[in-house]
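Only one structure is covered here, and it is reproduced in the block below.
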2 protein chains.
Amino acid sequence: MRRDVFQAIADPTRRAILTLLVVQAMTPNALAEHFETTRQAVSKHIGILTECGVVSQKQTGREIHYHVNPEKLKEIDIWLERFRKMWEDRFDQLDNILNNL
Amino acid sequence: MRRDVFQAIADPTRRAILTLLVVQAMTPNALAEHFETTRQAVSKHIGILTECGVVSQKQTGREIHYHVNPEKLKEIDIWLERFRKMWEDRFDQLDNILNNL
DNA sequence: AATATTTGCAACCGATTGGTTGCAAATATA
DNA sequence: TATATTTGCAACCAATCGGTTGCAAATATT
């Protein structure tokens, strides 16, 4: 199955889950309370995020706390690198224009 | 239709297209030569990239040259911001460990 | 004027997606 | 021990995705 970080963050619900998990680790039930969908739907999203290593789990009793793996998201940052050069160049150009005025 | 930058870069072929276009603007035909798929499939991808503003076009005669809009990709960079803090913290931690050895 | 090239658009197709409901397993609580 | 809570898994469903083929329109070329 084609499962990578880019596909993982393509879905807005999954991005929202990551935004919640970056603040603190949460259980699927706690996460589901923040969304309109069912717990199972949220669990599916967590499954996809886990599958490509963006989140990890830590079980304590019957509860499972999920937390973000920021290193995986760094992969996106690395891919963006070549484009970052471009928008920084454009900013420099704007800077030059402003200096000349 | 749910079309945003995150969904645009989810597909590996579209990422490859952007990687080609960042070097130089290209026509759909020229792009299609770099892939196994048909020109029409590539054109569909270009359509999606155009729809969410990641690429723009410049028509000269019957040829259309597509180029990257780096500002749109910056949106992803901005979203990554909150996580970047995390992996930088972890790097600092590793740095501390190495210094103590 | 006739022909070739470049492109976009529409129709169709199988696979995947994001969602649902139902249920079983494991752990906590009464 | 009986019951409640938390979770994962499987089956199913409509919508979307990435791909195809066919065709028409616009521009170059002969």
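Residue numbers begin at 1 in each chain, while the letters A, B, ... track the order of the sequences.
In terms of position along DNA chain C, the nucleotide closest to A:Ile48 lies nearer the 5' end than the nucleotide closest to the other residue of the pair A:Ile48 and A:Gln59. Between A:Gly61 and A:Arg14, it is A:Arg14 whose nearest contact on DNA chain C lies nearer the 5' terminus.
The interatomic distance linking B:Lys44 (NZ) with C:dT7 (C1') rounds to 15 Å, in whole Å. Rounded to whole Å, the distance from CG on A:Asp4 to P on C:dT16 is 15 Å. A straight line from CZ of B:Phe35 to P of D:dG19 spans 10 Å, rounded to a whole angstrom. B:Gln40 places its CD atom 14 Å from the C1' atom of C:dT5, with the value rounded to the nearest Å. Rounded to an integer number of Å, the gap from A:Arg15 CZ to C:dG18 C1' is 14 Å. Taking atom NE2 on B:His65 and atom P on D:dT27, their separation rounds to 15 Å, with Å as the unit. The interatomic distance linking A:Ile46 (CD1) with D:dG8 (P) rounds to 7 Å, in whole Å. Between B:Glu63 atom CD and D:dA25 atom P there is a gap of 21 Å when expressed in whole angstrom units.
Between B:Ser56 and B:Asn69, the closest side-chain pair of non-hydrogen atoms falls below 4.5 Å.
Distances shown here put a side-chain N or O of B:Ser43 below 4.0 Å from the OP1 or OP2 atom of C:dG8. At the phosphate of D:dT5, neither OP1 nor OP2 sits under 4.0 Å from any side-chain N or O atom of A:Asn29. In this structure, A:His45 reaches the C:dG19 phosphate: one of its side-chain N or O atoms is under 4.0 Å from OP1 or OP2. In this model, the phosphate group of D:dC9 is not approached by any side-chain N or O of A:Arg39 to a distance below 4.0 Å at OP1 or OP2. Taking 4.0 angstrom as the limit, B:Arg62 places none of its side-chain polar atoms (N or O) nearer than this to OP1 or OP2 of C:dG8. For the pair A:Thr27 and D:dT7, the criterion of a side-chain N or O lying under 4.0 Å from OP1 or OP2 is met. One finds a side-chain N or O of B:Gln7 lying less than 4.0 angstrom from the OP1 or OP2 phosphate oxygen of D:dC17. The shortest distance between the side-chain N/O atoms of B:Thr38 and the OP1/OP2 oxygens of D:dG19 is not below 4.0 Å.
Annotation for A:Val22 and B:Met86: closest pair CG2-SD, 3.1 Å, computed over non-hydrogen atoms. Between A:Phe35 and A:Ala16 the shortest heavy-atom distance is CE2-CB, 3.6 Å.
Side-chain proximity of A:Thr13 to D:dG8, D:dG19, C:dG19: nearest is C:dG19. Listed nucleotides C:dG19, D:dT7, D:dC17 differ in distance to A:Thr37; the shortest reach to its side chain belongs to C:dG19.
The backbone N or O of B:Gln7 sits less than 3.5 Å from a side-chain atom of B:Arg14, completing a donor-acceptor pair. The backbone N or O of B:Ala32 lies less than 3.5 Å from no partner atom in the side chain of B:Arg39, so there is not a single donor-acceptor pair.
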Inset, instruction - Could you go through the side chain to side chain contact (heavy atoms under 4.5 Å, CB included) check for B:Tyr66 and B:Thr50 one step at a time? - result: CA-CA 9 Å; B:Tyr66 289 90; B:Thr50 303; 3.9 Å; yes
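Using a 4.0 Å heavy-atom criterion, one finds that A:Tyr66 contacts the sugar-phosphate atoms exclusively.
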